[in-house]
Each structure stands twice: as structure tokens, then as C-alpha cells.
Amino acid sequence: MNNQQIATLLKNVAASYTISDEKKYRFQIIAYQKAADAISGQTSEINDLVKENRLEHLPGVGKSIKSHLEELIKTGRVKHFDKITKQIPKSVFPLLEIPNLGPKTAYKIVKAFSLKNADTVIDDTENLAKNKKIQSLEGFGEKSQEVILQTIKEYKRGKTKSSRMPLPYAFEIAEKVLSHLKKSSSIIEAVPLGSLRRMMPTVGDVDIAVATNEPKKAIEHFVSYPYKHRILEQGSATASILTSAGKQVDLMAQDPTSFGALLQHFTGSKSHNVHLREHCLKIGLSLSEHGIKSVSEPSKTKRYKKEEEFYKALKMDWIPPEMRENTGEIELAIKHKLPKLVELADIKGDLHIHSNFPMEPSHDMGIDSMKDMLKVGQNLKYEYLGFSEHNPSVSRHTKTQIYSIITRRNEYIEQIKSQIKSVRVIKLLEIDILVNGNLAVDNKSLAILDAAIVSIHSSFRMKKEDMTKRVIEGFSHPKAKILAHPTGRMLNERSGYELDFEKIFDFCIENNKALEINSWPNRLDLPDSLIRQAIKYKVKCIINTDSHAASQMTLMRYGVAMGRRGWATKNDITNTLGYNDFIKWLKS
DNA sequence: GCCGTTTTCGGCCCGACTGTTTTCAGTCG
């Protein structure tokens, strides 16, 4: 069961409580929704957290829900959940997937028309709306019937928030909308916020804040966005549109004098905001996107132009957006003990890049020359670059042939070195760890490299113990210093292979090896939660791009963002070291 | 059901928008 499925289950429990007796179960409902939100926002699999007994670190998941989840992972169901949800017709739950249909509305429709079949309930509701049967129900009308019909159609076409997009794609949408917004003189400033600003690996919808003295004009301009499918809502302070590609864009407008409060509010996460607001209530302050007011004097709101001022007014340090997931950052900010996170400018080199040098590998080659990639390295002000093409294919070459290809590449690198001197070149290779734990390159060839990156590219479906053994065996070679994309996950595609990370961490510490934070947008691997854990173990990480083209070398920002989401400081990342120190580590 | 900088009891974020109402309920983020 994946996180979204678990979150849906918890939401269904909350919905069941809402329908049975909203007043009686008011706080259980909040608790279950909170837990669902916490889990759907988690980037590592709850399945693993339960198995590794790390679940208590999730805020919103306490003793009771934790034991329910343990039962769920173990047996596939939860008796307590079954008891609660059994009181509600099964057909209510699929309807909750439709935007704007909450528990009350869904239940009303199901009950009024005796819709019993959960498999067809969405079609049934669509037909009822088409045949104008819903408008006569109490509390409904022509408009709400039309909205139901419309949203079900969009849901069926996949135009819904359920599919999350990779971070760079979300940035692209944001850029397009921003360039549209800039055309209006009513908009003083426009900034993308939400999960985009927190640099979540995937983004559901795009949130944008604007500072304006003419909110009505600003919002009218926003909803006139040429690539919109339709306007979802439009008020005097906020509006939402669906783009023609089916992605939702939310906009909030605010007076420039309160823009800092809006930045804080709209960046989230929800869980961060709720926790922060609960904390502030205890000291008599009520927070909103407008500013801060005292509970004793609710008519007066203090406004803040800058987000820094907002946090400062709460006697806290400003919290980097990447940390705002309510995992302890608020407490540290109060104590002025936040870590100083690694920054893009700290990075001194990229050690995982693939040039087009003809290595005859079994995996994909790069498309640009070493020279072109070095030029980009120069522009990025790097001190060093490590070329790490895939090893020559084992099935098509003898050991001797592999040795001669690597020798040829070394000679070519020496030539280039004499031409470009501002960036130092390190001779690496990305080498497969074979099923038996051996490396795909023998000792003689390894000896002529500065070091090696090792990684898994085959036979993913091994048992956790076997895979851990395989990785550690390959990683044990003295030349192997970096384990690339350690979990093997591909976002929205596959969850990766299973590894015992406590063992991997221990191994890295004992042998002074580093785990890669791969910046490739569909990988972002290590995942942030594992980075956080690795850092706690004092394991070194290294942030690389895995570029297969010179233009991809700027993807470094995404890897750095994941490091920041995992609370990594400059000291935790080996490629923040200057060349001499880095080489010393690499050859240690 | 969760949680702890006045608490192991007694609290629980805050506001916007829409449709169907005639002062509000439901949904969302």
C-alpha cells in the first residue's frame, strides 16, 4: 500500500465520522485528517517507516493511529477502521475524489438516489446530473448540479489534482503564469509559493502570491490567462484556474504592506502553519495571511511587509522554506538553533556527469563533449569536475578491451587538461554493481582511475538482505567512494529497490564513503527523509547532477534543494570542499 | 485522536469562496 492509498483510507475514516456525527467526533475528524495530510506529504514510504519502527516521528500520528497503521501493514486491514466505515455506504468514498464533493454532499447524493455500487457511483452521479435530477434535492440547485457534472468530466479526463508533477515542470508553469502577471501594472510583485517554494520533489498545484494595491484588477488579469481551461473560482482576494494542460493554479492577492504575512501563509506547509498557529495561540497571538493580531485585541492586525519580520515578531528565526514541514523546525527556530543549510554557492564541483566520449557502455551515453561540459563548469565557477561515464558494456568487451577504452579516455582527458586549466578534471567512472556484488570493471582498470562511483542498474527485485549485501560488497572496493542514486527510485514510475539503510549508513561511516544526492528531477535520490537520517548518522553526502548533456549541469539546484529538505549543512556535503581537500577525501 | 514554553488534562488555525440561503453550510488550502 502506498502513501496516497493510506492517506485516502484515513480520510475515509474522517469522512465516516463526519457523516455519522460531526459534533461528537469533531476532534477525531481533525486528528484523522491531520494524519492523512502528514502521510500524503511524506516523501518516504510509510510502509518502510512502519517496518523500521520510525513512525512516531510523524507529527499527527500518535499511539492509536500508529497501532492501526501497524495492523494495516501487517494484515492488510484495520478492524477499527472497518467498524467506523461500515456504517457509511461504500459508494460515498469514490465520490470524495471529485473536487468540491465532501462527505456531506456525497452522502446526500448517495442516500437520496440509493446509489449502492461503489464501482459505478461516479458514472451514476454523472448521469443523474446530466438528467437534471440533482438540482431538485434540498441544498442543491442548477449551478451546483452543473459544477458536479463539469468536475466529474474533468476528473475522468485526468484533469485533477491527483497527479503530481515533477518540480521543474511546475516551475515551467509558474514561469508562464508569472510572465502573464507581469503584463499588468496592477501587480507589484508575483512569487511562486506552496510546495514549489518548499521544493517538494513533486508538486500538485502551482501557488502564486501577488502584492497589489488593486486586488480586483490583479485578479481579473490573472483569470484572463490565455492558456486556461476554465476559472475554478474568483473572489476579491483569491482565484483559481485550471490550465489547458489540466493543472490547477491558485492565486492570492495581498496589500504590499501585508505581503510578508501572505508569503508565510501561502508557503505552508499546512502542517507547519497549523502547528505554528497553535503555538502562537498559547502566547496570545492569532496568525493569518493578513498579519498578526493579539487575542485580547482582535480588531487590530499588525502587518508585515517582509516574511523575516513576520517570524521575528514571533521571536523566532526565519525558517528556510525547505524546512517547513513541521518536523521540529519551529521548536529550533524558537530556540534560535536552526542549522545553517547548504547553499548552491557552496558547491565546488559536479562528480557525476556523462560526456559523449565513446565508452561503448551498456547504459546511455551523454550527448556533449567533455570540452563543452568543462566550459559550463567554468561558468558555474566550479573548481573541479569528475567525468563518470558508464563503464564499457561487460557483455560486449573483454577485460583487456575495457582497459584499453579507459586508457584511451585517460589520455584524452590529459589532452583536455592542458587546454582548460581553470577547472580541474577528475577521472571517475560510473560502474555497475553486478548481481553477485562484483564491480563491472576489474582491479587493473580500476587502478588507473582516481576513484569510482558505483550503482545498481539491473536486477532490482532482490530481497532486502540480498540487495544490501550486494551493494555493500560492490561499495567495499577501496576505489569506490560514491554510491549513486542509492534507492533507485524514479518518481511517479517505480519506488526503487529495498535496502537496509542503517547498515549502509554504518558502512559509510566506517569506510569514509559518501552517498549521492542525485539532482536528476525524476530521481531526487536520496529522498529527503533519508538524507535527514543519513545526516543524523553523520554520513557524508555528495550532490551530483548525473548530467547527460552540458545544459543539464544547472540541475544542481534541485539536488541542493533536497539536501536542504534533509537539513544538510555545508559540512555534510563533500563536494563543498576545495579541490585539495576533496581529492584527499576521494583518495582516502 | 493528538499533544505539551502556563497543561498527562483540556485545549484543538484561520480565512476565502460558492451556492443556496436570508444568515449559513460545505469545501478548500
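Just so you know, these numbers use all the heavy atoms, side chains as well, and skip hydrogens, waters and symmetry mates.
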TODO: Let me know, please, whether A:Ser64 or A:Ala106 comes out on the 5' side of the other along DNA chain B by nearest nucleotide.
DONE: A:Ser64

Open item on the list: Measure NZ/A:Lys66 against C1'/B:dC2 and give the value in whole Å, please.
Closed with: 14 Å

Task: G-U wobble or Watson-Crick pairing nucleotide for B:dC14 (cut-off 3.5 Å, both distances) - done: B:dG29

TODO: Tell me what A:Lys108 touches on the nucleic acid: a base, only sugar-phosphate, or nothing, going by heavy atoms under 4.0 Å.
DONE: nothing

Open item on the list: Mind checking if A:Lys270 touches a base, just sugar-phosphate, or nothing, with heavy atoms under 4.0 Å?
Closed with: base

- [ ] Indicate whether the side chain of A:Ser495 and that of A:Arg489 have a donor and an acceptor atom separated by less than 3.5 Å.
- [x] no

Under 3.5 Å, which protein N or O atoms sit close to an N or O of nucleotides 20-24 of chain B? Give each pair with its distance.
from, atom 1, to, atom 2, distance (Å)
B:dT20, OP1, A:Gly141, N, 2.4
B:dT20, OP1, A:Gly141, O, 3.3
B:dT20, OP1, A:Ser144, N, 3.3
B:dT20, OP1, A:Ser144, OG, 2.8

Task: Touch class at under 4.0 angstrom, heavy-atom based, for A:Tyr32 against every strand present - done: sugar-phosphate

Task: Interface with DNA chain B, restricted to residues 273-290 of chain A and to heavy atoms under 4.0 Å - done: A:Val274, A:Arg277, A:Glu278, A:Leu281, A:Lys282, A:Ile283, A:Ser286, A:Leu287, A:Ser288, A:Glu289, A:His290

Open item on the list: Quick check for you: among B:dT27, B:dT5, B:dC17, whose closest atom lies nearest to any side-chain atom of A:Thr238?
Closed with: B:dC17

TODO: Determine the Euclidean distance between corresponding P atoms of B:dC13 and B:dT5; express it in Å to zero decimal places.
DONE: 16 Å

TODO: Specify the separation, in whole Å, of atom CD1 of A:Ile19 and atom P of B:dT27.
DONE: 9 Å

Open item on the list: Test of understanding: with ring pair (Phe, Tyr, Trp, His ring centres under 6.0 Å), list the residues that count as partners of A:Tyr304, not counting sequence neighbours.
Closed with: A:Phe310

TODO: Could you say whether the aromatic ring of A:Phe27 and the base of B:dC2 stack, counting only centre distances under 5.5 Å and plane angles under 30°?
DONE: no

Open item on the list: Please identify which of these residues, A:Val121, A:Ile19, A:Thr125, meets the side-chain contact (heavy atoms from CB on, under 4.5 Å) condition with A:Val110.
Closed with: A:Val121

TODO: Determine, using ring centers only, whether A:His290 and A:His265 are less than 6.0 Å apart.
DONE: no

Open item on the list: Would you measure the distance from the C1' atom in B:dC9 across to the matching atom in B:dC14 and give it in whole Å?
Closed with: 25 Å

Task: Same-atom distance (P) from B:dT6 to B:dA16, integer angstrom - done: 28 Å

Task: Sequence neighbours excluded - salt bridge (charged side-chain N to carboxylate O under 4.0 Å, His left out) pairs with any residue from residues 275-285 of chain A - done: A:Lys34-A:Glu278

Open item on the list: If the condition is side-chain contact (heavy atoms from CB on, under 4.5 Å), which residues does A:Ser296 pass it with, not counting sequence neighbours?
Closed with: A:Ser294

Per-pair distances, 0.1 Å, donor-acceptor, side chain in residues 558-568 of chain A, under 3.5 Å, sequence neighbours excluded:
from, atom 1, to, atom 2, distance (Å)
A:Arg564, NE, A:Glu322, OE2, 2.7
A:Arg564, NH1, A:Val342, O, 2.9
A:Arg565, NE, A:Asp528, OD2, 2.7
A:Arg565, NH1, A:Arg198, O, 2.9
A:Arg565, NH1, A:Glu325, OE2, 3.1
A:Arg565, NH2, A:Glu325, OE2, 3.4
A:Arg565, NH2, A:Asp528, OD2, 3.2

- [ ] Quickly work out the A:Leu232 CG to B:dT27 P distance and round it to whole Å.
- [x] 17 Å

Identify all side-chain donor-acceptor contacts of residues 332-339 of chain A below 3.5 Å with residues at least two apart in sequence or on another chain.
from, atom 1, to, atom 2, distance (Å)
A:His336, ND1, A:Asp317, OD1, 2.8
A:His336, ND1, A:Asp317, OD2, 3.4

Task: side-chain contact (heavy atoms from CB on, under 4.5 Å) partners for A:Asp21, two or more places apart - done: A:Lys23, A:Lys24, A:Tyr25

Open item on the list: What's A:Glu331 touching, base or sugar-phosphate or nothing? Going by heavy atoms closer than 4.0 Å.
Closed with: nothing

Task: Protein-nucleotide distance (A:Glu22, atom CD; B:dA25, atom C1'), rounded to Å - done: 9 Å

TODO: With the side chain of A:Glu233 defined as its heavy atoms from C-beta on, choose the nearest nucleotide among B:dG1, B:dC17, B:dG26.
DONE: B:dC17

- [ ] Between B:dT21 and B:dG15, how far apart are the P atoms? Round to whole Å, please.
- [x] 28 Å

Open item on the list: Using a 4.0 Å cut-off on heavy atoms, which residues in residues 69-96 of chain A reach DNA chain B? List them by number, or say none.
Closed with: A:His80

Task: Gap between atoms CD1 and P, on A:Ile241 and B:dC28 respectively (whole Å) - done: 19 Å

- [ ] Could you give the distance separating B:dC17 and B:dT22 at their P atoms, to the nearest angstrom?
- [x] 23 Å

TODO: Measure from CG on A:Asp21 to P on B:dG1 and round the result to the nearest Å.
DONE: 14 Å

- [ ] Report the relative orientation of the aromatic rings in A:Phe81 and A:Tyr32; use parallel for angles under 30°, tilted for 30 to 60°, perpendicular for over 60°.
- [x] perpendicular

Task: Pair A:Lys156 + A:Glu126: basic N to acidic O under 4.0 Å - done: yes

Open item on the list: Just the rounded figure in Å: distance from P of B:dC14 to CD1 of A:Ile292.
Closed with: 12 Å

TODO: Can you sort out the partners of A:Phe505 under ring pair (Phe, Tyr, Trp, His ring centres under 6.0 Å), two or more places apart, ordered by chain and number?
DONE: A:Phe501, A:Tyr537

TODO: Return the 5'-most residue of the pair A:Ser236, A:Thr105 with respect to DNA chain B, ranking by each residue's nearest nucleotide.
DONE: A:Ser236

- [ ] Would you please confirm or rule out a distance under 4.0 Å between OP1 or OP2 of B:dC28 and any side-chain N or O of A:Lys11?
- [x] no

Using distance only, find each side-chain donor-acceptor pair of residues 167-178 of chain A under 3.5 Å and give its atom names and separation, not counting sequence neighbours.
none

Task: Counterpart residues, side-chain contact (heavy atoms from CB on, under 4.5 Å), relative to A:Leu193 (two or more places apart) - done: A:Val191, A:Arg197, A:Ala209, A:Leu263, A:Phe266, A:Thr267

Open item on the list: Output the rounded distance in Å from CG (A:Leu262) to P (B:dC14).
Closed with: 17 Å

Open item on the list: Roughly how many Å apart are B:dT8 and B:dG1, using the C1' atom of each and rounding to a whole number?
Closed with: 15 Å

- [ ] Assign A:Ile65 to base, sugar-phosphate, or nothing according to its heavy-atom contacts below 4.0 angstrom with the strands shown.
- [x] sugar-phosphate

